[in-house]
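Letters go in sequence order (proteins before strands), and every chain restarts at 1.
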Amino acid sequence: MSTSRDDFGIAIRSALLQRGAKQKFSLFVLILVSIAVFSLDTLNLKPIKVLRSFINDGVYRISAISSSPIKFTSATKSFLTDHIFLYKENEKLKIELEELKKQKLKTSFLETENRKLQEVVQLDKKSVFITLGAKVMMDKNSPYLNSAIINKGSNSKIKLGMAVLSKGHLVGRIVEVNYISSRILFLNDLNSRIPVVISPDGDQAILSGSGREKPILEYLPENFTVEDNQMVYTSGKDGVLISGISIGEVNEDLEEKRIEVKLFSDPNQIFFVNVVLGQSTDVEEM
Amino acid sequence: MAINVKTFKEGFLRSLPLLLLIYICISEFHTQFYYWNIFSFNLQFIIIYYWILRDPSILGYGFIFLCGLINDVILSFPLGTSALSFLFVSLVAAYVRNATVRSTLFTDWFTFIFGVLIGNFITYFLIKNFSEMKIEYQSMLFNSLFTFILYPAFWGIFELYKKLINLKTYD
């Protein structure tokens with residue numbers, strides 16, 4: 001019994017301390033170094049943060065270049081798939097166009113009505129987002145992370161928590177800022193939680209990433225029921241995200257008995273994004 | 001000149017597994033194989049385990065540590081997380097190498113279970129306890145399972161590669 005324990009001890013000691021002919025470090029030394037690096041990084045010291053920011057910038061650039069062949073393959077695949085389904089998509093678009101024509105007439109009427117009402121209250125508040133365009137350098141879709149790296153960082157006044165839009169809809173927020181690059185955490189990531197409001201009833205909820213394609217709605221009111229055309233917008237309750245940014249449409253997953261949100265912008269199909277730097281509010285004098 | 005070309009060729013062929021490991025860590029390669037919300041595998045573990053077991057001089061512990069750091073930056077993990085998990089996989093492989101006289105696919109495959117479970121447990125433990133990131137243990141479990149299942153396939157490929165280039169063991 002003691003012999004087998006001795007053998008185990010000898011084999012482990014040998015594995016930890018032995019260095020091969022071409023090895024400069026033993027496993028033991030490198031494990032200690034890793035623990036030291038880990039401890040320093042989790043302590044969140046400012047010099048370490050700055051150092052990590054520079055390392056991130058460097059690694060992201062190299063990674064963007066080295067992953068370009070994979071990106072090219074993915075792009076070619078999606079290009080071919082799009083072409084195969086072109087006819088089907090055309091038919092679908094025709095139907096959508098008819099729908100939109102009908103809605104346009106309705107919208108025109110509502111616009112006129114809205115203008116008249118604004119004249120009554122003498123308020124014409126026009127709000128626009130101040131955004132910054134950025135290119136997605138690389139995106140990650142793995143069991144651990146749904147995020148993307150963009151080519152703008154603190155040098156372009158990007159800050160932690162800023163909202164990120166794609167085609168005018170929210171896709172995520174900034175969770176890491178380096179000098180010339182930043183990381184976006186997508187809404188469907190497991191770590192994503194944002195306060196939202198559901199129109200038209202104005203119910204409040206938390207949009208939580210589930211690691212899957214569609215994020216889910218949590219902390220809904222008890223009497224909440226899913227209806228047609230329920231849209232989800234940011235509520236701005238966290239004091240970080242600007243309120244009123246469109247996110248997606250409410251869907252009910254009957255199989256898993258949960259309420260999901262079908263995002264307006266698919267995080268897996270993003271090449272360019274807009275980071276919301278702020279909101280400019282102009283009050284026009286009537 | 002002929003000797004130089006031969007030396008370069010041999011050096012290049014010996015470095016290929018290391019280059020592959022670095023490329024996998026630095027590129028988005030491994031994230032391209034994530035399907036049905038459950039299928040994912042850790043190719044880095046397979047490469048590290050196989051080559052440490054067969055010939056540790058091919059990868060080198062220093063480079064494994066470096067690859068771990070690169071992987072942490074890319075996946076936004078706290079620095080040192082992947083480095084530690086990669087080094088522990090190497091430790092299991094080095095132990096098996098010291099403890100066994102003759103290894104076969106089945107002995108390698110069986111002992112790989114410990115390597116992959118320890119590696120993923122370290123990642124899960126460190127992230128769960130020392131960072132604000134959320135991580136699903138189910139994903140880790142499926143990742144461990146598929147990494148284990150796929151090991152023989154890569155074992156076959158690497159064995160074939162070794163035979164093709166007739167690698168000499170330096171350690």
Once you round to the nearest 0.5 Å, how far does CD1 of A:Ile149 lie from OG of B:Ser76?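 The distance works out to 7.0 Å.
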So how far is it from A:Leu43 CG to B:Phe130 CZ, rounded to the nearest 0.5 Å?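 The CZ atom of B:Phe130 is 10.5 Å from CG of A:Leu43, to the nearest 0.5 Å.
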Where the side chain of A:Ser63 meets the backbone of B:Ile26, is there a donor-acceptor pair that is under 3.5 Å apart?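 Here the side-chain-to-backbone pair exists.
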Relative to chain A, which segment of [X] carries a heavy atom at a distance below 4.5 Å: side chain, backbone, both, or neither?
| X | answer |
| --- | --- |
| B:Thr123 | neither |
| B:Leu69 | side chain |
| B:Ser131 | neither |

Do other residues, nucleotides or ligands put more than 12 heavy atoms under 6.0 Å from the CZ atom of B:Phe63?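 No, because the 6.0 Å sphere around CZ of B:Phe63 holds 12 heavy atoms or fewer from other groups.
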Crowded around B:Phe146 CZ? As in, over 12 foreign heavy atoms under 6.0 Å?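 Check passes, neighbour count above 12.
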Do A:Leu27 and B:Phe88 have side chains that approach each other closer than 4.5 Å (heavy atoms only, starting at C-beta)?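 Not touching, per the 4.5 Å side-chain cut-off.
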4.5 Å side-chain heavy-atom contact, B:Phe65 and A:Ser34: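 Yes - at least one pair of side-chain heavy atoms lies under 4.5 Å apart.
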With chain B, which of A:Val29, A:Leu185, A:Ile31 has the greatest number of heavy-atom pairs at distances under 4.5 Å?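 The answer is A:Ile31.
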Go through the steps for A:Phe38 and B:Leu79 under the test side-chain contact (heavy atoms from CB on, under 4.5 Å), then give the verdict. CA-CA 5 Å; A:Phe38 181 81; B:Leu79 277 185; over 6 Å; no
side-chain contact (heavy atoms from CB on, under 4.5 Å) with B:Leu87: which of A:Leu30, A:Ile35, A:Val33?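 Of the listed residues A:Leu30, A:Ile35, A:Val33, the side-chain contact (heavy atoms from CB on, under 4.5 Å) partner of B:Leu87 is A:Leu30.
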